[in-house]
Protein chains: 2
Amino acid sequence: MNTSLNNRKEHILRSVVVNYIKTAEPVGSRTVARSYPDGLSSATIRNEMADLEEMGYLVQPHTSAGRIPTQKGYRYYVDNLMDTDELSSDIEESISSSISAGKMREIEQIIMNSTRVLSSATNQTSLIMGPQFKKSAFHQLRILPLDEKRGLVVLITDTGFIKNKVIDLHHQLSHTELQQVVSYLNQKLYGLTIDQVTTSLINELKRDLFKRLEILEQAFILLEESLKEEKQIRVFLGGTTNILNQPEFKDVDKIRRMLKLFEQEPLLFKILEDNSSEDSIVVRIGSENEFEDIKECTLITGTYRIHDKTIGTLGVLGPTRMDYSRVISVMQRLVNHLNQQLSSS
Amino acid sequence: MNTSLNNRKEHILRSVVVNYIKTAEPVGSRTVARSYPDGLSSATIRNEMADLEEMGYLVQPHTSAGRIPTQKGYRYYVDNLMDTDELSSDIEESISSSISAGKMREIEQIIMNSTRVLSSATNQTSLIMGPQFKKSAFHQLRILPLDEKRGLVVLITDTGFIKNKVIDLHHQLSHTELQQVVSYLNQKLYGLTIDQVTTSLINELKRDLFKRLEILEQAFILLEESLKEEKQIRVFLGGTTNILNQPEFKDVDKIRRMLKLFEQEPLLFKILEDNSSEDSIVVRIGSENEFEDIKECTLITGTYRIHDKTIGTLGVLGPTRMDYSRVISVMQRLVNHLNQQLSSS
DNA sequence: CTTTAGCACTCTGTAGTTTAGAGTGCTAAA
DNA sequence: TTTAGCACTCTAAACTACAGAGTGCTAAAG
């Protein structure tokens, strides 16, 4: 199936893809002929294009129109024909400046800026999964008494997350009792990722502790809730209006479906999560995507890390007619910057 | 200018407004005639409608079409003709259930649910300004040492907000020194709203403290940053796709402008802030709005409180052809629930 | 004086028709 | 194997025709 094409066919396919990406209009033989270095006539090109159509790389929207790439055509282009884009210096700059600006930056802030850069540099919709709490390792638990009846539980991870929650302390605890509980918990949990803190582990700890102090029910409830709650992680979106600029979304109905999708955070999360892969950048074209709603789109994803630990995914979503070369370059650059920036604190 | 209309004209105006809201089609004399209790002929209605047009309450899109209400027409309707909607029981229920569900609810969660309810019950876009940190009063400041080099500053307000931040402690502090600083700050700041903690006050405190301990520069930086940071408060949006259902937004260009607006959080914040008023619910029709981008829309806003302290605003944004009666009823109900729910913890 | 029936007139939206232009596939010659 | 030439196809835009909805005005009736 994966027979590779001869040189001339490759050249023609590339030309069709590149032109179609640029103009969104079916590409005719004349146009391709012009791009061919040693002048070949349009008739010859026509023959080759007919071949490419038969092989499944191109299609005609109707009998007498130019050709547009099929999904298979895009795939071949991405795998074999694409050269990586040189980024213009102002994009380079906007990437590095918007990410590294302040020093005392919150991680959320960095992520939000990234969505902005990513969408504006690619002219597509960008989506970024915020850092995944549950993949971080447990580092420290503190309980801070607020007043007679309430305390603040603070949970700190190795990647710098801080979660907190006010809890009721029905039974007053002495300071030392509290200390005991806390240090016990810290000892048991240290180094585990949040993922690993399962309900059964919690129950075990609970039994253990109840023997000594029949108190901290509330604290455990927090811990459990904290796990559940984090299932719905934020996905940040940028440039959702960019799809309106693309001619493939001139239909109000398509727009609606797309925007509906953007409103469903859990779904977006799933989409990103499923596509996150350890190795750099993944391109999913059209029906290569698992999710029904984006089977007419291309999704390009990458992952970012803190100290070699993958903690989130970023993606660019658009029509299959997407400037692959540019998007991939931008994404690559952005991921590098992010990794560097996030790991340097 | 504000001459009130006679009974018959009022009836006709109401009929036109109600019908137009329902169908989005210009309303003709025949339609109005049907709605008139004692049969009046369409010819009579026509005469009255011509009058109403001259007075500025109605217009014709073109010579031989029905009438549609002008902004002035809507205004008269809202002020004098509208009766409040009875809400169907399932909406009542969805309001109360989605807001009061859990017990240990985070305030953000409640707000997000509110956007959902509000937009789905009104079929419009809803926007809610999250609770305003800076209007809360300072309650407690804690500093929690994490390790040798870092500490966690925790700031708690009377309305239950908890802000925290990791700070570097270049110079190690003894426990007692830390205690001293913290209790001094607490004493000075207690009861002030965050708004009132101005830069000058911070500087004063700084001078004061430097005399005793030449240390806590970092802590102050936090405090200052915390103030700045909170200028960009989150605005939660719901049902942005609802505008696509309205025929006034069948033009892709209008859609784009609207969605662009939704992406500009600071602007939305300003819009909501400007419209927030102490007394219940405000209706801004068309050009009554100050902001250029929504001069073709109607914005209906209300405020919610915690213990009689206004902390946020919620709004419904849509075309001027909006079901005023329903939106106002829903908003009223939602605000009541919110106030009750937020104040009971 | 108010209401109404009747009628001519206006404007829109839709459906059908025409036409220019772009691009193809095929054939036959180079 | 390549290319010139030509007949053919399909689309998108422009134009025309027409039915339908609604108006304003006039003149008659209450």
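To find a chain, count down the sequence lines: A is the first, B the second, and so on, and within it residues start at 1.
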Nearest to side-chain heavy atoms of [X], which nucleotide of [options]:
| X | options | answer |
| --- | --- | --- |
| B/Ser41 | C/dA5, D/dG24, D/dT3 | C/dA5 |
| A/His62 | D/dC10, C/dT4, C/dG25 | D/dC10 |
| B/Gln60 | D/dG24, C/dT4, D/dT2 | D/dG24 |

Can you tell me the Watson-Crick or wobble partner of D/dA29, both distances under 3.5 angstrom? C/dT2

Need the pair for C/dT27. Rule: Watson-Crick or G-U wobble, both distances under 3.5 Å, any strand; none if unpaired.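 C/dT27 is paired, partner D/dA4.
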
Distance check, rounded to the nearest 0.5 Å: B/Glu48 atom CD versus B/Leu40 atom CG?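 Going from CD on B/Glu48 over to CG on B/Leu40, the span is 8.5 Å.
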
Would you give the length of the straight line joining atom CG of B/Asn80 to atom CD of B/Glu10, rounded to the nearest 0.5 angstrom?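 Separation between the atoms: 6.5 Å.
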
To check you understand the geometry: which heavy-atom pair defines the closest contact between B/Ser126 and B/Ser119, and what is its length?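 Between these two residues, the closest heavy atoms are OG-CB, 3.5 Å.
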
Please give, in whole Å, the distance from [N] [atom2] to [X] [atom1]?
| X | N | atom1 | atom2 | answer |
| --- | --- | --- | --- | --- |
| B/Met49 | D/dA21 | CE | C1' | 13 Å |
| B/Asp51 | D/dG24 | CG | C1' | 13 Å |
| A/Glu25 | D/dT11 | CD | P | 14 Å |
| B/Tyr36 | C/dT4 | OH | C1' | 15 Å |
| A/Glu53 | C/dC26 | CD | P | 12 Å |
| A/Ile45 | D/dT1 | CD1 | P | 16 Å |
| B/Arg34 | D/dA21 | CZ | P | 11 Å |
| A/Tyr20 | C/dG23 | OH | P | 14 Å |

Return whichever of A/Thr31 or A/Asn47 has its heavy-atom-nearest nucleotide of DNA chain C closer to the 5' end.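 Here A/Thr31 is the residue nearer the 5' end.
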
Which residue lies more 5' along DNA chain C, comparing B/Glu48 with B/Pro61 via nearest heavy atoms: B/Glu48

Let me spell it out: for each of A/Ala43 and A/Thr63, pick the nucleotide of DNA chain D with the closest heavy atom. Which residue's pick is nearer the 5' end? A/Ala43

Pick the nucleotide of DNA chain D nearest each of B/Arg46 and B/Ser64; which residue has the one closer to the 5' end? B/Ser64

Would you say [X] reaches [N]'s phosphate, i.e. side-chain N/O to OP1/OP2 under 4.0 Å?
| X | N | result |
| --- | --- | --- |
| A/Arg30 | C/dT24 | no |
| A/Ser42 | C/dG23 | no |
| B/Arg67 | D/dA21 | no |

Main chain of B/Tyr77, side chain of B/Tyr324: is a donor-acceptor contact present, judged purely on distance under 3.5 Å?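 Side chain of B/Tyr324 to backbone of B/Tyr77: no pair is present.
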
Closer than 3.5 angstrom, by distance alone: can the side chain of A/Arg321 be matched with the main-chain N or O of A/Thr23 as a donor-acceptor pair?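 The answer is no, because no donor-acceptor pair under 3.5 Å joins these two groups.
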
